[in-house]
Each structure stands twice: as C-alpha cells, then as structure tokens.
Amino acid sequence: MFGNLSDYLFNYRPLSFAVWGYPFLASAILALIYWAIVRFYIKRLDIVYRGPARKLKTLAFYYGFISLIFYFVRYERIPYLSMRFLLWLWIVGYGLLTFLILYLEFKKIPNKRAQMIEREKKKRYLEF
C-alpha cells in the first residue's frame, strides 16, 4: 500500500493531468479573475470588510499565480518539479494558511464594528 503511495507522490516525472487538470487550471484562472475584480471594487466595500477583502485579494493572487506555475510545470513534465508531492503540499498548505488567515480576519470584524459605532457616537456628541 505505501509503496504505491510513495510511487504516486514521489514520481519525479508523472504523466500530465488526467482528470483534475482542467478543474485545477480553472480554479487558478478564476482566482486571478477574482483578484482583478476585487482590486477595482475594494473601495466600494464597507470599511469593516476591507481588511478581509484585501487579504482575500492577496491570497487569490498567490493561489492563481503559483497554481499556474505548478500547472505549467506538470504539463511540461519537468523532472522533480512536477512531483505530485509538491502539488499536494501546495494545496494543503495553502488551504490551511487561508483558513487561519480568514478566521483571524473575520474574528476582528465585531471589534471593528463596535469601534466605528463608538466613533460615530462621539462624533455626534462633540459636534454642535
């Protein structure tokens, strides 16, 4: 069992994508499209949501760009760089890092909202 798994993961020149290649390519392209759209519309968002939107924009760019590199490397079957292990490491590591960053960003939203409401109350009170 583990012999086949190690052959699968560490084959230094695996065949090109069979099933998951096009969805992987589509996800990378969609991430870059999302990055371009958010880049132009981020100023229209509520101030509270701009921080998470900036993080998502940056994460989408990195995912799209690096995934396109991995797709190209795998499509060209470049030895050692096209190993499935590197691709799986990228996907799992990116998923965990994205979850952690977004969790921490969305955890800050209630505090930011409360600070904005407090600032508005002080502004109304101090204006004559």
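Only this structure's heavy atoms are used, side chains among them; waters, hydrogens and symmetry mates stay out. Predicted model, so just to flag it, every value in this text is computed and none were measured.
- Electrostatic pairing of Lys108 and Glu105 counts as a salt bridge here, judged by a charged N lying under 4.0 Å from a carboxylate O.
- Taking CD1 of Ile66 as the start and CG of Leu87 as the end, the distance is 12.0 Å to the nearest 0.5 Å.
- With hydrogens and angles left out, the side-chain atoms of Ser67 and Tyr62 include no donor and acceptor closer than 3.5 Å.
- Note that the CD1 atom of Ile91 and the CZ atom of Arg84 stand 12.0 Å from one another [nearest 0.5 Å].
- Ring-plane geometry between Phe61 and Trp35 is classed as tilted, the angle between the planes lying from 30 to 60 degrees on a 0 to 90 degree scale.
- Val92 and Ile101 are not part of a single hydrophobic cluster, where members link through side-chain heavy atoms under 4.5 Å apart.
- Side-chain atoms of Tyr49 and Arg113 form a donor-acceptor pair, as typed in the model, at a separation below 3.5 Å.
- Hydrophobic clustering, with ILVMFWY side chains joined whenever heavy atoms are under 4.5 angstrom apart, groups Tyr41 together with Leu32.
- Here Tyr63 contributes atom OH and Trp90 contributes atom CH2; the two are 8.0 Å apart, rounded to the nearest 0.5 Å.
- Expressed to the nearest 0.5 Å, how far OH of Tyr34 lies from CZ of Arg39 amounts to 14.5 Å.
- Atom CG of Leu30 and atom CD1 of Ile37 lie 9.5 Å apart (nearest 0.5 Å).
- Sorted pairs that involve residues 50-61 and meet salt bridge (charged side-chain N to carboxylate O under 4.0 Å, His left out), not counting sequence neighbours, are lacking altogether.
- The shortest side-chain heavy-atom distance between Tyr71 and Tyr22 falls under the 4.5 Å cut-off.
- In this structure, Leu68 and Leu25 have side chains that are in contact, with non-hydrogen atoms separated by less than 4.5 Å.
- Counting all heavy atoms, side chain and backbone alike, Val38 lies closest to Ala53 at CG1-O, 4.1 Å.
- Between Phe106 and Ile109, some side-chain heavy-atom pair lies under the 4.5 Å cut-off.
- Tyr94 places a side-chain N or O within 3.5 Å of a backbone atom of Leu59 that can act as its donor or acceptor partner.
- For Lys112, the salt bridge (charged side-chain N to carboxylate O under 4.0 Å, His left out) criterion is met by no residue, not counting sequence neighbours.
- Residues Phe72 and Leu89 do not share a hydrophobic cluster, defined by chaining ILVMFWY side chains whose heavy atoms lie under 4.5 Å apart.
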